[in-house]
Each structure stands twice: as C-alpha cells, then as structure tokens.
2 protein chains.
Amino acid sequence: MASLNETHDPSLKSWVESANADSGFPIQNLPFASLRRAGSAEPFRLGVAIGDQVLDLSIARAHLPGAWGDALAAPRLNALMALGAEASSGLRLALSRALRQGSDAAGKLRAALVPVSQVEFGLPATIGDYTDFYTSIHHATNIGRLFRPDNPLLPNYKWVPIGYHGRASTINVSGTDFHRPRGQVLPPGAQQPVFGPSKRLDYELEMGVYIGEGNALGTPIPLSGAERHVAGLCLVNDWSARDIQAWEYQPLGPFLSKNFATTVSPWIVTLEALAPFRAAWDRPAEDGEPLPYLVGRTTRAEGALDIRLETLLETSRMAEAREAPHRLGLTSYRFAYWTVAQMVAHHTVNGCSLVPGDVLGTGTLSGPSPDALGSLAEITQGGKQSFRLPNGESRTFLEDHDRITFRGWCEKPGAARISLGEVSARVLPAAS
Amino acid sequence: MASLNETHDPSLKSWVESANADSGFPIQNLPFASLRRAGSAEPFRLGVAIGDQVLDLSIARAHLPGAWGDALAAPRLNALMALGAEASSGLRLALSRALRQGSDAAGKLRAALVPVSQVEFGLPATIGDYTDFYTSIHHATNIGRLFRPDNPLLPNYKWVPIGYHGRASTINVSGTDFHRPRGQVLPPGAQQPVFGPSKRLDYELEMGVYIGEGNALGTPIPLSGAERHVAGLCLVNDWSARDIQAWEYQPLGPFLSKNFATTVSPWIVTLEALAPFRAAWDRPAEDGEPLPYLVGRTTRAEGALDIRLETLLETSRMAEAREAPHRLGLTSYRFAYWTVAQMVAHHTVNGCSLVPGDVLGTGTLSGPSPDALGSLAEITQGGKQSFRLPNGESRTFLEDHDRITFRGWCEKPGAARISLGEVSARVLPAAS
C-alpha cells in the first residue's frame, strides 16, 4: 500500500480558498477527471479537483515539474494510467506542492482554474474491459437466501473472489440517463416468456477500480504488487433488470439484464489519497485464510478501505416538489469480503492481461445491517415487500423518472475529509 | 441478406493467376485482414486476399474508385467497418472489378501485391467488447447431459439466444501460443480447492461475427436490418479450462476459465462473400417460433450458413515426426439453433450499443453426430472416456505442446470455393 507522506498532512492548505472549507476536495484529495466547458463541443481535457475549482491539466502541465510526455494533454487518463504508480505518485506530489499556500506556481496556475459548476464530465478513461466482482458477502448472502433460504452462500464463495465479465460499451458517466430496458421475462407460473419493459428495475451500489499500468499476457500480478496496478477508485451504479436476469442467467450468467447501462462517477480518487482510511480486512478469523496467492502481509491489518457509501432516491414527485432525496442505505466499503488487491491478483492469476483504463467493479456493496443494503432486491426481499417513502409514495423496484444517486466519502478525526463525489442518473421510460 | 450480384459470378477470373486455382481465395471471396511483412516492425496495414497474394490496401487505395477516406490507410478495420454495409459492398465491387481479368487497374495494382507466405497477421480490428453466445443446441445438450442426464436442456434455451460477456484484451490472432492457465480447482471428493495448472484444458470450435456499423445506446437493431451491422465472419477458438470453470462458474458464469486466451483467424470473410452458401435454419418445425423480435421473413429459408468447420490436433510427437494432424471433428455452421441476425437483434433488444469491431462468438459449434463435436468435453464425455490417436498416443484433454487448428470453408456445385482460412495455436506449459 501507499505510505503516508507530505501530501497527506492534514494541516496543508491550498491557495485555492474553497479547498480549505469542508468541500471533500481539499489539497489532500486531488482526484482526476475528463471534462470540458459545459454545453460546449470542445475536446475533453484532464482536470484535477481542488475545492470548487478544477485545475485544467492541459494548461497547468507547462508549470508542473516532471516528465509526463503528452499524457496530461490527452482527453482521457489512459496514457497517464499506463505510466504506472511511480508517475502517479510523482504527479500527486507535484500538484500538492503547486497548489499549496505559498507556492510559487500560484500566479501561473490561477489561469488554469475553472469553476466545477461550469464544466461537464466525460468518461475519465477509455474502458477496454469491464469486470464485475461479487465481493460483498452480505450481498451474496442476501441474494442467495432468496433462492436457498437454508444454504444461501455457495461453497466457492469464501475461496474464490467471484467475478464475471461485463459490457464496456454501455458504461457512461454520471448524468447519462437511460431508457428502461425491454426484454424477455417469464411471468410467475407461466410456461412461456413474454416480451416487454422490465418491471423489476434495480440499482446496484458498487465501487469501481481503474487499472493503471497493465500486465503482459501470461504474467500474473502477485498480491504484493497488486495495488501498484491500480490508478484509483470511483463509484459505480450497475443497473440491473431482475426479471430479465432471472430468465436469462442460466447457465452462463447475467447478460441483457446488465448491459443496457452502467454509470460511473466522474472523479478517479487515487489509492494514495485514500491511504489514511485503510481499515482491517472484514473476513472473520473463523473463516481462516484463502489460498496463498490471495494472502498478503498487510491484508488483515489494512486490506480494506473505510469509504462511506450512501444511496439516495429522488422520485419525479420529489423533484417537482423540491423535496430532499430519500436515503435508501448507508454502508462502507470496509465490509467487503475481498479486497482491491485480491481482485487484481485473482483476475490475473491465470495469466489474463489487464490494460490501463480497465474497470473492476466490486459488485453490490451491502453492509451487515438492514439500513446498509446496496440494492432494492435486498431491501424488498426480492420484490416481496414494498416500502413507503416520506412523501407517501411507495416503491418495490424503480419507476420511470426515478433518480438514484450514490455519494462516497471518507472521514475520520485528524484527517481531511475526502469525497469521491457522486454518481447519479435517471430512469427514462422504455423506448417505444 | 445480401443478394447475389456480379461479384458472385462463378465464371469470374482474376489476373492474379493463383486465385483461379482452387485456393479458397478466388475473386469471389476477397476477405480482409491486418498484416505486415513477416518479422518486420513495420506498422500493420490492411490487405485483401487474392489467391496466394495479398493486395496491400494502403497502396492499392489510390487506384480504387470510391470514397473510403482514410479507412483503407488505417492499421485495423474499425474505420472501414464503421462506414457500414453500403460502403463495404461498394468496396467489394470495386475490388472485384479491379482484380478481374482484363481490368485496366492490373498494371498499377501489381505493385501492391505481397505473397501471403511473406506476411504476418495482426488482429484485424480493435475489439472493444467480446460477447460469446451458446447457439449450438447440440453442444448445449451434450454439456447439459453431463450434469442433468434426464433433462439436459434448460427451459430458456429455445426462447433465449443465451450469451454472456467475454474478455476482449486476451483475444489474439492465430499463431499466438499461450501458457496453460493456473487456477483454483476442487478435486473430486475434496472439501477444499487446490491451486495449480489446469488439468482439463479444452478447445471450443466457434465462429466470430465482427460488428460493422454500430447502434446508438437505447436503439435496438431490428432483426430485418441486423445483417447490415455485420462486417464479416472469422473462426474462433475459445480455449477453456474445464476444471477451473466447474469450481468458479456459479452463480455468475465462466471467468478465469476462459479469459486466459481466445484465438481468432486473421481473415474476415464478408456475409456478401458467403451469400451463395445460405441454408435453411436448423430449428425444427416442432419447436415453433421464438418471440416476434427474433422472427424474420427469410430466416426459415436462408437464416443459416453452410460453412464447413474442421478441427485438427497436432501433438508434439506428430509435429516432430512430421505426421499429418489428426481430425477431431467435422461439422457445419448450418447446425446452429440461433442465426447471426438473431444474435445481433437479441444483443441490442434492451438498448445495448454495439461498436464497430466488436466480436460476437457463436459458442461451441457441435453438429448432431458424434464425429461433429466442437470440444473435448463432448468427445470424452466430460473427461470420462479418453481416445486414441493414430500414432498410439491418447488424449482426454489437451497436453502441453498440443496444437489445435480449425479450418473453415464453403463449397457446393456451381459456386467458387470460399475459404475462411484457419486459426491455430499451441498450448505452452504453465508459467512457473
């Protein structure tokens, strides 16, 4: 893991004043995104968040020490990711020094600042492959219980960081609304499927891990070096059509029930920024150790990350009435059964090559308590129990025009609060 | 489907003499690839096969009528694919006329010819997403019987063209050998998994469908227009580790058992070249019709393609003794239960966007007879019955240094023979 260094000093302040308020984007964060002036047709460019501003790297790069080549002038982060952990760490240090109070660079960099309120975001990277894991044992148990009440967890769960391939072309950035998917479903008790809009549309609260430097085909990444191949983390909503899923998923797994839309947050927060929020791995001692390739020297003590994750629902009635969104859940990434490093090591142990910009989803992140669930399938026990919202509406699954927003942040005494921003999108009616 | 036109005339001959012998690459074929001089570090460029020669499109494009922009000067086919079916058809016609006996262009194009024996191939397209289907009912039944002897086919099979997402980064072109994967397996009767090289390594005989023009997110491609989004077909070996697969695949499908290597043939043969080999759809009448979005006006009569598919095994002993490879199976793509157009229509019916260069695998293509099986899992009934080779060796699954080659071709009286070339790769020992 990345060790703490001068960039983590909680007393550091920036000459960008808004960064010194409790913005979640202090000088200790410095996440990356791809963006342009809102409503423009300009090419996208890279930026770093600092308070309520974005530092445009296509301009700022001339004033930053270090050899980034053209990586900072690119529209997306893949070239920077490919430079690896050393380069990423060096850039973070350069940015921290340049944006610090008293920096000589302040005068020159001020012209590279854009208010975040004036930008629109693109996908931060070209995503070659998207893999989705299943790392929350609470989620796996809750879902398994719907099918096998007495034996919810499959025998492989505590051995294998279960994962499967997702669709990369339908990943879009926060704010990209999408149409309710149509597809085949088998109505209860029916002998034949029918075709129509999904009636059991759900969200899945996940985190995404962007791969930095890749590995050659046939060359596994060992657990001890796995985090050096991670460019950073984001929030992911892996929208799911439960009725389509139930009918299609045997024997090869989910397909059309997932690949109509996946939404990611715009900011990529580095593992270095998250270093103060390492936490003990949540695998119970009585579960013993996994196979050696998944065992690391520091995994038990600090394999996890304490990132708070909140799910908010805003219905169209709430939006019209300007009511605050309703919280559907609050959990932490620290409850995951498999760590970031274990996902990378497992994915490559057979020789599979990862590529800069690839995304590994964590799978739905549910915590151990009923108020910490990451999907409606869990909250409503497979759609059997609807729930009521404060404004009198009720929900089982998502209705048209519902908006789901995830927020992520880290906080603890003695450290600057680190925001992962949010991922938000709205369900449009099925296309006719 | 593409109708027959002057490019299909079996009496057409080329001024490239070798194309007029029974090469499989006559002027009626004209498949595309990406290639360069063997052993060189030159950039890859596009080429078209004609007899035992390749026409270098980066040179020939100056002498071909038509507006291809820079698409013919690119290292891979994605830009040409994105131009769509009209452009592809126009290019085929231009090439057919330019390469015909008596063409005025012969003098200029001769300088753009390279012997195919002197080139090495690259991936013909950048593959954004790879989807693998399960379109052979014979394969699905054979595999299902290993688990459920009395009820081999799942209830969704005859309704849903089952598919799942594969890994794009580990697709390589024919000739790319790969290491036997290592991973977790649960030995028979064991309570805990062990880690090691796969002992049940298998091939899967498939075809691949390259997507041409894509579709916008949220806009399904109807069956009637589906083939206009297909750039062409290739051969695919979707290597599989059956022991890793058995332990990992519940509940989300195959993952590390597949993503260590997938191998594709270099040539992309267009649907237009294959038009003379359309065949009746092999779904039995008693199975009735699928849901309307999968029903097409001409599907029954000509939904299928009669492409012969042969599997050859060459062991290292056979290679050393210069013995001919041993045929493990011979089948035809016409036995598929779901057609090319149905794969495209199903994949997008939920709004999923396809992108030029994406590959849809057909899944393992087994025919109805015991000599037409597309995997060792079927030939050996899940590894229960080994078989003997003519040289006295025996096999259950693949051994180190075994080479598997698939060949594909179309032939019938009154039409020029069309080759799809071959896909071939060798199993290297597990990396230590």
Participant: Would you say the side chain of B/His179 lies within less than 4.5 Å of the side chain of A/Thr219, judging by non-hydrogen atoms?
Facilitator: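 They are not in contact (no side-chain heavy atoms under 4.5 Å apart), so the answer is no.
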
Participant: Sort out for me which of B/Glu248, B/His347, B/Gln192 touches chain A most, counting heavy-atom pairs under 4.5 Å.
Facilitator: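 The answer is B/His347.
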
Participant: When heavy-atom pairs shorter than 4.5 Å are enumerated against chain A, which of B/Val160, B/Leu291, B/Leu256 gives the highest number?
Facilitator: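 Sorted descending by pairs with chain A, the first entry is B/Leu256.
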
Participant: Which residues pass the side chain to side chain donor-acceptor pair (under 3.5 Å) test with A/Thr176, not counting sequence neighbours?
Facilitator: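 Scan of A/Thr176 (side chain to side chain donor-acceptor pair (under 3.5 Å), adjacent residues dropped) gives none.
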
Participant: Determine the option with the most heavy-atom pairs under 4.5 angstrom with chain B, choosing from A/Pro251, A/Gly183, A/Pro181, A/Gly214.
Facilitator: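 Highest number of pairs under 4.5 Å: A/Pro251.
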
Participant: Pick one of side chain, backbone, both or neither for B/Asp132, based on which atoms fall under 4.5 Å of a heavy atom in chain A.
Facilitator: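 No part of it gets close to chain A.
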
Participant: With a 4.5 Å limit on heavy-atom distance, are the side chains of B/Trp159 and A/Pro193 in contact?
Facilitator: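 Counting from C-beta outward, B/Trp159 and A/Pro193 do come under 4.5 Å.
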
Participant: Let me check something: any side-chain donor-acceptor pairs from residues 139-147 of chain B under 3.5 Å, sequence neighbours excluded? List them with distances.
Facilitator:
unit_1	atom_1	unit_2	atom_2	d
B/His139	ND1	B/Glu378	OE2	2.7
B/Thr141	OG1	B/Ile137	O	2.6
B/Asn142	ND2	B/His138	O	3.0
B/Asn142	ND2	B/Glu378	OE1	2.7

Participant: Dump the intermediate steps for side-chain contact (heavy atoms from CB on, under 4.5 Å) on A/Val349 and B/Gln184, then the final yes or no.
Facilitator: CA-CA 10 Å; A/Val349 76; B/Gln184 291 192 32; over 6 Å; no

Participant: Non-hydrogen atoms of chain A under 4.5 Å away: do they reach the side chain of B/Leu354, the backbone, both or neither?
Facilitator: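 Both parts, heavy atoms under 4.5 Å.
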
Participant: Count the heavy-atom pairs under 4.5 Å between each of A/Leu252, A/Thr131, A/Asn172 and chain B, then report the option with the highest count.
Facilitator: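 With the most close heavy-atom pairs to chain B, the winner is A/Leu252.
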
Participant: Does the side chain of B/Asn156 come within less than 4.5 Å of A/Tyr249's, by heavy atoms?
Facilitator: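 No. Closest side-chain heavy atoms not under 4.5 Å.
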
Participant: Quick one: closest heavy-atom pair of A/Gly218 and B/Ala431, and the distance?
Facilitator: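 Heavy atoms only, the tightest pair is O-CB, 4.1 Å.
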
Participant: Considering heavy atoms only, which positions within residues 236-245 of chain A lie below 4.5 Å of chain B?
Facilitator: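 Result: none.
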
Participant: Among residues 162-171 of chain B, which residues come closer than 4.5 Å to chain A, judged by heavy atom distances?
Facilitator: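 From residues 162-171 of chain B, the residues near chain A are B/Ile162, B/Gly163, B/Tyr164, B/His165, B/Gly166, B/Arg167, B/Ala168, B/Ser169, B/Thr170.
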
Participant: Under 6.0 Å between ring centres: does that hold for B/Tyr134 and A/Phe255?
Facilitator: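 Between A/Phe255 and B/Tyr134, which both carry aromatic rings, the centre distance is not below 6.0 Å.
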
Participant: I need the A/Asp129 CG to B/Asp129 CG distance, nearest 0.5 Å.
Facilitator: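 Going from CG on A/Asp129 over to CG on B/Asp129, the span is 7.0 Å.
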
Participant: Between A/Ile127 and chain B, which part of the residue has a heavy atom less than 4.5 Å away: side chain, backbone, both or neither?
Facilitator: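 The answer is neither part of A/Ile127.
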
Participant: Does any non-hydrogen side-chain atom of B/Arg182 lie less than 4.5 Å from one of A/Tyr293?
Facilitator: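 They are not in contact (no side-chain heavy atoms under 4.5 Å apart), so the answer is no.
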
Participant: Would you name the heavy atoms of B/Phe260 and A/Asn350 that are closest together and state the gap between them?
Facilitator: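 That would be CB-O, 3.5 Å.
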
Participant: Counting only heavy atoms closer than 4.5 Å, note whether B/Ser198 contacts chain A via side chain, backbone, both or neither.
Facilitator: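 Contact with chain A involves no heavy atom of B/Ser198 at all.
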
